[in-house]
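Okay, so here's the structure we're looking at.
To find a chain, count down the sequence lines: A is the first, B the second, and so on, and within it residues start at 1. Worth knowing before you read on, the calculation uses all heavy atoms, side chains too, and leaves out hydrogens, waters and symmetry mates.
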Protein chains: 2
Amino acid sequence: MSQMQNVEKQLRQMILGLEIGPGEKLTERWIESRFGASRTPVRAALLRLETEGLVGRDGRGWTVSPINLAELEQIAVYREAVEIAALRLTCSLADRSAVDVIEAMLESCDNDTPREEWHRVGMDFHIELARLSGNEFLFRAVRDAMTRLSRARWLEVRDEAALSRAWTEHRAILAAARLGDADEAARLLSVHIVGSRDRLVTSLANDRRGLRARGFAVVAA
Amino acid sequence: MSQMQNVEKQLRQMILGLEIGPGEKLTERWIESRFGASRTPVRAALLRLETEGLVGRDGRGWTVSPINLAELEQIAVYREAVEIAALRLTCSLADRSAVDVIEAMLESCDNDTPREEWHRVGMDFHIELARLSGNEFLFRAVRDAMTRLSRARWLEVRDEAALSRAWTEHRAILAAARLGDADEAARLLSVHIVGSRDRLVTSLANDRRGLRARGFAVVAA
DNA sequence: GATACCAGTTTGGGATACCAATATGGTGCA
DNA sequence: TGCACCATATTGGTATCCCAAACTGGTATC
């Protein structure tokens, strides 16, 4: 793999894994030395990550995007639009057997599955569900939205009850989709997204002080 | 303005204005000499335009994205989802007076308005309408979708009847939005988008030979 | 003690040099 | 004539330099 894609992947992983805190300053030269690449691929990586919303410009320099509560709320509205559209498309397909693959994905998580895996599968559920629609744009929209939500969602993963509820809702959505009941699937997905947003925003608002103590910038709604 | 943003703007304008044909090969060094910039800003511009879908990688090199009929159809589905979601949000606002600004925008076009202006206003109608929702993500989604449609829409602008029909539909949508009638506005917008897509795809499928003769790559649905 | 100011350092933006991979075009052989 | 092959030019990827702007820290002044 080229150096460029490598820097991009590793830097994204560090940001999404909170190894670099939200709000932290980045210098091209630090990244350069950290990953042993030169500035050209570093700058390419930063430009890409900027379009993903993971880093942003702070005057002349670069900053890891803070966690933004207002943004999280807007993303929930956006997700409702694109995920429901994708789900309705999927429900209208003649062959909906692919939902079973997603069901199997959910099943792969049990009590001794590491947190990281729950986190990843929780996002992949939505991403892969959108992919089934066959619409590339809806798929990308969902994938990008989940990427932006990713860091904030680490919180939800720490809440056993929330996680269990999410999995139940995921299964109900799949069940409706398997039957081709678009309205019911859409309703369940809408409830899931709104509920998920509420829990997330509430948790974050509560934990805000703690997050700031860890050096994470959190912007209020 | 920095060199970088300059190259990006000018190159985007040339691509969207069909001064560089869809499917044409691009070399970083040609762009470099064409705009009097060095490769650093050129590469930044290409990376940005890649995320907008205006250029793509062709093996090791760069290509102006061909006009893709399958993509146009998928974008129409995507637009339906995001534009309708935005419109419904706008309809639920207490103060919907901003729709009058958009109405005024439409009025600014008359018989002796140049084609370019009709083209621009036709896209801005959808973009600005989405902006009214106040949701940044829905707004960006619509703006990006319209950017991808932009080149194909030059065709529609040549059809006087289609243009007139579009303007009528635009006005009807605004009227419903002004009344806060979300269902009617959404229905009208859906009809508009689907109709627009049908006319576009039909025109392109018919003109395909002519476009290819002009050196434009057109990928079938 | 606060502040205006200045030298030195850091940093991102841009330009250029170098390289490996690829494309190109011509040449000679079958 | 057609085709395989090689020398050469071109190109994107990377590394490195240079520069102007911004930042930093200390100092002299009021």
Under a 3.5 Å limit for both distances, which nucleotide forms a Watson-Crick or G-U wobble pair with C:dG14, could you say? D:dC17

Ignoring hydrogens and geometry beyond distance, is the side chain of B:Arg57 in donor-acceptor contact with the base of D:dG12 at under 3.5 Å? no

Separation of [X] atom [atom1] from [N] atom [atom2], in whole Å?
{"X": "A:Leu46", "N": "C:dG13", "atom1": "CG", "atom2": "P", "value": "9 Å"}
{"X": "B:Arg39", "N": "C:dA17", "atom1": "CZ", "atom2": "C1'", "value": "10 Å"}
{"X": "B:Asp58", "N": "D:dG12", "atom1": "CG", "atom2": "C1'", "value": "13 Å"}
{"X": "B:Asn6", "N": "C:dA15", "atom1": "CG", "atom2": "P", "value": "12 Å"}

Which value, rounded to the nearest 0.5 Å, describes the distance between B:Arg43 atom CZ and A:Arg43 atom CZ? 11.0 Å

Just to confirm, is there a sub-4.0 Å distance from OP1 or OP2 of C:dG13 to any side-chain nitrogen or oxygen of A:Arg43? yes

In residues 24-32 of chain A, which residues come under 4.0 Å of DNA chain C by heavy atom? A:Leu26, A:Thr27, A:Glu28, A:Arg29

Give a yes or no on this: more than 12 heavy atoms of other residues, nucleotides or ligands lie within 6.0 Å of atom CD of A:Glu117. yes

Would you say [Y] and [X] are linked by a side-chain donor-acceptor pair, where the criterion is simply a distance under 3.5 Å?
{"X": "B:Asn206", "Y": "B:Ser203", "value": "no"}
{"X": "A:Ser97", "Y": "A:Asp95", "value": "yes"}
{"X": "B:Thr147", "Y": "B:Asp144", "value": "no"}

Choosing from D:dA21, C:dG14, D:dG12, which nucleotide comes nearest the side chain of A:Arg60? D:dA21

Picking from D:dA15, C:dT16, C:dG13, the nucleotide nearest the side-chain atoms of B:Ser38 would be C:dT16

Would you list the pairs meeting salt bridge (Lys or Arg N to Asp or Glu O under 4.0 Å) in which at least one residue belongs to residues 121-142 of chain B, sequence neighbours left out? B:Arg120-B:Asp124, B:Glu128-B:Arg131, B:Glu136-B:Arg140

